[in-house]
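First the structure, in the form of structure tokens, and then the observations on it.
As the structure lists them, so they are numbered: ligands from 1, and atoms in each ligand from 1. Note that the structure is predicted; figures quoted are calculated from it, not measured.
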Amino acid sequence: MYTIDVVEQILEPKQLILANKDSIITHLVYDSRKVIDPVGSIFFALQAVRDGHRFIGDAYAKGVRNFVISETSWVGNKYSEANFFVVDNVLGAMQKLAAHVRSKFTKPVIGITGSNGKTVVKEWLTELLGVDKKIYQSPKSYNSQLGVALALWDLNDDYDYAIIEAGISLPNEMDNQQVMIRPDIGVLTNIGQAHASGFSSKEEKAREKVKLFSASKVVISPGKYNIRDFLNPNVANFTFGYEMDDIVQLSSVQEHKELGQTWVTISFQQQQGIVYIPFTDRASIENALICVTTLLYLGYPIADITARIAKLKPLEMRLQLRKGKNNCSIIDDSYSNDLASLQIALDFLNQQQQHEKRTLILSEMEGMGAKVKEKLTKVLRGQSLYRLILVGEDLEFLEGAVQTDVLLYASTADLIAGLDALGFADESILVKGSRAFHLEDVSQLLAAKTHETVLEINLHAIEHNLKQYRSLLPPEVKLMAMVKAFSYGSGSFEVANLLQFNKVDYLTVAFADEGVELRQNGIELPIMVLSPDEQAFEAVVANRLEPEIYSFRILRAFVDFLKTKKVSSYPIHIKIDTGMHRLGFLPTELPEVIAVLSVVSEVRVASVFSHLVASGDSNQDTFTRQQIELLNAGADLLQAELKYPFMRHIANTSAIIRWPSAYLDMVRLGIGLYGMDLDQATLDLETVGQLKTTITQIKELEAGETIGYDRKGVLHRKSRIATVKIGYADGYNRRFGNGVGEMMINGQLVPTIGNICMDMCMLDVTDVSVFEEEEVLVFPDLGKAASVIGTIPYELLVGISSRVKRVYFYE
Ligand SMILES: *Cc1c(COP(=O)(O)O)cnc(C)c1O
């Protein structure tokens with residue numbers, strides 16, 4: 001907690017506009033939608049994709065009274081009760097505060113960086129050390145310039161160790177990270193190719209990374225990276241590896257796939273022993289060895305480390321949204337529990353609009369001291385929960401401290417025993433717990449059973465892709481997100497909730513029933529319907545859906561319908577056919593459209609639009625330009641007659657990249673949102689959907705045998721064949737049969753063999769090592785998969801059948 005005086009001393013603002021010098025700061029906020037405790041919050045107007053100054057008014061309206069800004073022009077005299085710290089660099093100011101919080105911590109800080117594995121190592125170290133120590137860790141992958149500043153904020157001396165992860169995406173960022181984190185003990189996971197952008201060489205990258213450790217006592221690293229020369233002379237390098245000069249010596253590494261273990265013989269000083277690492281993939285082994293080495297450095301004996309390492313599990317680090325029983329939505333986030341990650345999860349819970357009732361199931365936190373208890377109470381007071389279910393006796397203090405009724409269970413087993421009696425129905429339920437509490441067992445019981453083929457949807461990737469496209473648009477251009485065809489196969493309200501939270505301006509569906517489903521699940525954004533038919537008018541109006549009007553027939557029918565309902569000025573969207581020749585008025589029909597519109601009061605034109613047929617194809621640029629001109633001419637004509645303003649729009653995903661002149665008032669973002677980079681490498685998009693299935697059975701078969709229907713898959717050698725649970729009824733096209741399609745198991749590509757069946761198909765796994773029940777990635781490369789069967793990624797995505805369950809996560 002900080003007083004205004006102290007904040008002033010730390011930030012040294014160039015100007016301070018003071019309204020209330022008695023404010024006490026307890027929370028950092030940079031997003032006005034995520035204010036939990038307005039009175040105790042300080043809002044940082046960061047310059048990101050959108051300028052944070054634009055949200056000062058919103059934050060103020062919510063009760064925030066302290067602001068850090070760089071532009072005073074936004075302030076005027078509107079906010080008479082607020083304090084403003086005026087600085088040159090708002091993010092820099094947040095980092096100064098973080099560095100100050102860090103400087104008050106007197107116990108060891110472990111700082112982790114590396115190209116891959118840093119989040120896993122952070123989580124594992126927390127788990128391994130958490131057996132006998134109180135650990136403070138940065139939440140999720142909060143490792144950016146902003147993430148680290150936020151991650152340090154709650155650090156205090158109740159903890160024995162702080163474990164903080166640092167990442168960099170550009171040269172020279174590590175200096176800032178070092179100033180904030182100042183790790184006593186450094187951990188370098190690896191120096192890979194990942195995030196290579198911006199660095200000229202691997203050596204430059206290594207030099208940049210070790211800057212984090214410029215004032216550390218020691219750096220723990222794999223010996224093979226030879227970072228000694230890059231470290232300051234007074235920083236020790238505590239390495240592991242096979243070389244004579246490695247401090248922790250590895251002598252044999254044996255993989256036991258059948259046990260799912262790797263046995264590693266290590267020696268250190270006078271000790272020798274074997275650790276049984278419960279993984280067999282290279283990355284996990286390396287990450288586990290880094291943890292082993294760190295524990296050795298901290299003085300734990302090998303026998304103790306062996307016992308702890310054996311209990312490690314692969315990380316399910318993701319917050320998952322699944323369909324639950326009795327029409328519930330289950331958000332599972334049960335791998336760690338601290339204040340920062342609780343807030344992230346609560347933000348996500350609050351985005352869910354599909355149920356009015358929101359329930360939180362919460363376990364004790366890691367290292368819960370008095371300060372954490374106080375903050376937790378505040379955070380929970382700021383929530384409007386339907387019920388609060390607590391697990392762990394240490395949470396008893398919350399009874400009576402929050403306005404929600406509290407149900408307290410001593411243990412996860414007690415909760416499970418009483419689960420049925422709680423009668424969950426029509427609720428969004430956040431299950432948030434520390435690993436030790438294993439609340440994932442509770443989520444499992446609440447979730448509806450799933451077919452083992454799932455389409456995993458990364459909601460964070462959708463958010464990321466949205467930001468990427470937005471960054472290209474001037475602020476006045478609106479954005480319509482296409483959620484037709486089940487959001488290109490990715491789901492309906494789950495995706496729409498996220499888009500609504502991220503303030504897109506419009507949504508578009510193909511048919512009225514898709515729009516009805518969104519409304520029933522709490523989506524309030526304007527929704528355009530591309531193909532409204534007469535039978536659906538009732539539903540259209542009842543659900544405030546806005547139809548595309550593309551012909552005189554549909555225009556008259558809709559006007560007649562509105563007359564019977566005595567509705568006037570209903571928003572419609574006029575579609576002009578500028579060359580697609582699908583739906584829409586031809587430009588020659590517009591005078592008659594205008595004649596009709598100027599005499600009816602039932603409808604009001606919300607927009608005039610058209611669709612580009614080949615905006616991604618440079619050979620068709622002349623045609624595209626002509627389409628844009630035709631739309632503008634048509635819209636000009638309408639605007640001359642209609643006395644009110646309306647929007648015009650024509651740009652789809654490819655046009656956002658290639659045709660800035662087509663942005664007009666609004667763009668319509670479709671496939672790009674779902675991560676398909678059709679114009680290679682212009683933007684840094686993330687993959688949204690991963691179709692996954694599992695191996696049901698593996699067989700050894702002799703040469704000459706055949707596989708599947710019609711004996712099409714002939715074995716020319718002794719082979720191993722795996723059957724997987726996906727077929728053409730799931731959307732795995734039959735043309736992928738007989739080696740045309742490739743799936744991926746454990747990083748290895750394997751071809752199909754024989755014809756694809758309705759619910760299953762077979763893979764030739766002779767050359768790779770795989771096991772029954774292993775996970776299989778169905779489309780390791782969606783673009784390639786589409787092209788080998790002569791289609792486009794759109795068709796594969798929307799073709800994934802609705803019986804394939806969608807599992808959403810937010811990473
Ligand atoms: C599907 C669709 C879009 C989006 O196209 P993408 O190429 O996926 O961006 C835009 N406008 C209309 C009318 C559409 O039907």
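If you number the atoms of ligand 1 from 1 as listed, the ones under 4.0 Å from a heavy atom of Tyr488 come out as 1 (C), 4 (C), 5 (O), 6 (P), 8 (O). Taking every non-hydrogen atom of Met482 and a distance limit under 4.0 Å, the qualifying atoms of ligand 1 come out as 2 (C), 3 (C), 4 (C), 10 (C), 11 (N), 12 (C), 14 (C). Those atoms of ligand 1 that come under 4.0 Å of a heavy atom in Ile671, given as number and element, are 6 (P), 8 (O), 9 (O). For ligand 1, the atoms closer than 4.0 angstrom to any heavy atom of Lys484 are 1 (C), 2 (C), 3 (C), 14 (C), 15 (O). The Arg582 neighbourhood of ligand 1 comprises atoms 15 (O), with distances under 4.0 Å to a heavy atom of that residue.
Close N/O approach between Tyr794 and ligand 1 is found [any backbone or side-chain N/O within under 3.5 Å]. For the pair Gly670 and ligand 1, the shortest N or O to N or O distance falls below 3.5 Å. Considering backbone and side-chain N/O atoms, Ser654 never comes within less than 3.5 Å of an N/O atom of ligand 1.
With a heavy-atom cut-off of 4.0 Å, Met528 does not touch ligand 1 at all. With a 4.0 Å cut-off on non-hydrogen atoms, Leu530 touches ligand 1 through its side chain and not its backbone.
Pro547 approaches Pro571 most closely through the heavy-atom pair CD-O, 3.6 Å.
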Applying ring-ring contact (aromatic ring centres under 6.0 Å, His included), run through His460 and Phe348 and close with a yes or a no. CA-CA 11 Å; His460 190 267; Phe348 190 74; over 10 Å; no
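Side-chain contact between Lys323 and Glu494 is present, with at least one heavy-atom pair separated by less than 4.5 Å.
His649 has its ring centre no less than 6.0 Å from the ring centre of Tyr506.
Residues passing the salt bridge (Lys or Arg N to Asp or Glu O under 4.0 Å) test with Glu534, sequence neighbours excluded: Arg553. In this structure, Tyr728 has no ring-ring contact (aromatic ring centres under 6.0 Å, His included) partners at least two apart in sequence or on a different chain.
Classification of the Phe558-Tyr570 ring pair by plane angle, with boundaries at 30° and 60°, yields perpendicular.
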